[in-house]
Amino acid sequence: MLIGEKVTLRALEDGDVELMRTWRNDPEMAQWFFSTFPVSEDEQRAWYQKQKNRKDGKTFMIEAEGRAVGYAVCMHMDERSRSIEVGLHLTSEVRGRGYGKDAFLTLTRFCFMELNMHRVWLSVYAFNTRAIVMYEKLGFVHEGRLREAAFTRGEYQDVVVMSILDQEFFAKHGKQPPVPSEE
């Protein structure tokens, strides 16, 4: 388990499959995914098995308020270049409570301190300004814009690529994780 100030990131469990399928089939959440929906039970189980067996990253459930509220992933790990992609999805009812920021900070710290990555990067829809502002506050910098690279919300969307390097992360956030508060 990875412990943040507000969230815990834990390994995926068999019991998470149906909950994640519900999230991936929710039109409100699906608009933020870089995948299509609806997702069948078999497709979700296959996705879960792929996540469990992947060698280039890890998927975590995000827990807060005593329940799962989303998931986070690190993927496409390049061991030679020490680079990895990260992402997360939160349920709509918990957005705006700082869980995304804490989950992202906890996940990024894990990538640098435990996986020994040099560069952590992400891609985000350009219209997702709320997420982009959060990533900027965490220290991620804009690397580029992929014009009309994804189709969602009925039209082609630009995708923004952002990253943070290990020395930038440690200068901004320090090497030691914060001590979780007792709330």
Sidechain-backbone polar pair: [X] side chain, [Y] backbone, donor-acceptor under 3.5 Å:
X	Y	answer
Y71	L88	no
E114	C111	no
T22	E18	yes
Q51	Y48	no
N128	V124	no

Hey, does [Y] have a side-chain heavy atom less than 4.5 Å from the side chain of [X]?
X	Y	answer
I132	H142	yes
V141	Y135	no
E148	E155	no
L9	M61	no
R67	V69	yes

Hey, could you give me the [atom1]/[atom2] distance between [X] and [Y], rounded to the nearest 0.5 Å?
X	Y	atom1	atom2	result
M77	R82	CE	CZ	12.0 Å
F112	H173	CZ	NE2	9.0 Å
M117	S81	CE	OG	9.5 Å
I164	F104	CD1	CZ	10.5 Å
D78	I84	CG	CD1	10.0 Å
S163	E85	OG	CD	11.5 Å

Could you walk me through whether L138 and M162 pass the side-chain contact (heavy atoms from CB on, under 4.5 Å) check?
CA-CA 11 Å; L138 290 172; M162 302 175 76; over 6 Å; no
Quick check: closest heavy atoms across [X] and [Y], and the distance to 0.1 Å?
X	Y	result
M75	R54	CB-NH2, 3.4 Å
R109	G174	NH1-O, 3.2 Å
A149	V159	CB-CG2, 4.1 Å
G4	T106	CA-OG1, 3.4 Å

Are V86 and V73 close enough, and set up right, to give a side-chain contact (heavy atoms from CB on, under 4.5 Å), and what steps lead you there?
CA-CA 6 Å; V86 293; V73 62; over 6 Å; no
The test is side-chain contact (heavy atoms from CB on, under 4.5 Å); show your working for C74 and F60 and say whether it passes.
CA-CA 9 Å; C74 48; F60 301 92; 4.3 Å; yes
Go through the steps for R10 and D16 under the test salt bridge (charged side-chain N to carboxylate O under 4.0 Å, His left out), then give the verdict.
CA-CA 11 Å; R10 66 161 175 81; D16 298 325; 2.9 Å; yes
In one Ile/Leu/Val/Met/Phe/Trp/Tyr side-chain cluster, 4.5 Å: L165, F169:
no
Start with the C-alpha distance between H76 and D56, add both sets of side-chain angles, then the distance that settles side chain to side chain donor-acceptor pair (under 3.5 Å), and finish with yes or no.
CA-CA 5 Å; H76 307 132; D56 71 337; 4.8 Å; no
Lys/Arg-Asp/Glu bridge criterion (N-O < 4.0 Å) met for R97, E65:
yes
Just wondering, are more than 12 heavy atoms of other shown residues or ligands nearer than 6.0 Å to CD in Q49?
yes
Just checking E93: does its CD atom have more than 12 heavy atoms from other residues, nucleotides or ligands closer to it than 6.0 angstrom?
yes
Given the rule in the salt bridge (charged side-chain N to carboxylate O under 4.0 Å, His left out) test, do R147 and D158 qualify, once you have shown the distances and angles that lead to the verdict?
CA-CA 5 Å; R147 298 178 315 130; D158 289 357; over 6 Å; no
CA sep, side-chain torsions, deciding dist, call: W47, M20, side-chain contact (heavy atoms from CB on, under 4.5 Å)
CA-CA 10 Å; W47 180 89; M20 292 188 75; 3.3 Å; yes
Trace of the salt bridge (charged side-chain N to carboxylate O under 4.0 Å, His left out) decision for R119 with E143:
CA-CA 12 Å; R119 177 178 171 269; E143 288 191 338; 2.7 Å; yes
Report the relative orientation of the aromatic rings in Y125 and F127; use parallel for angles under 30°, tilted for 30 to 60°, perpendicular for over 60°.
parallel
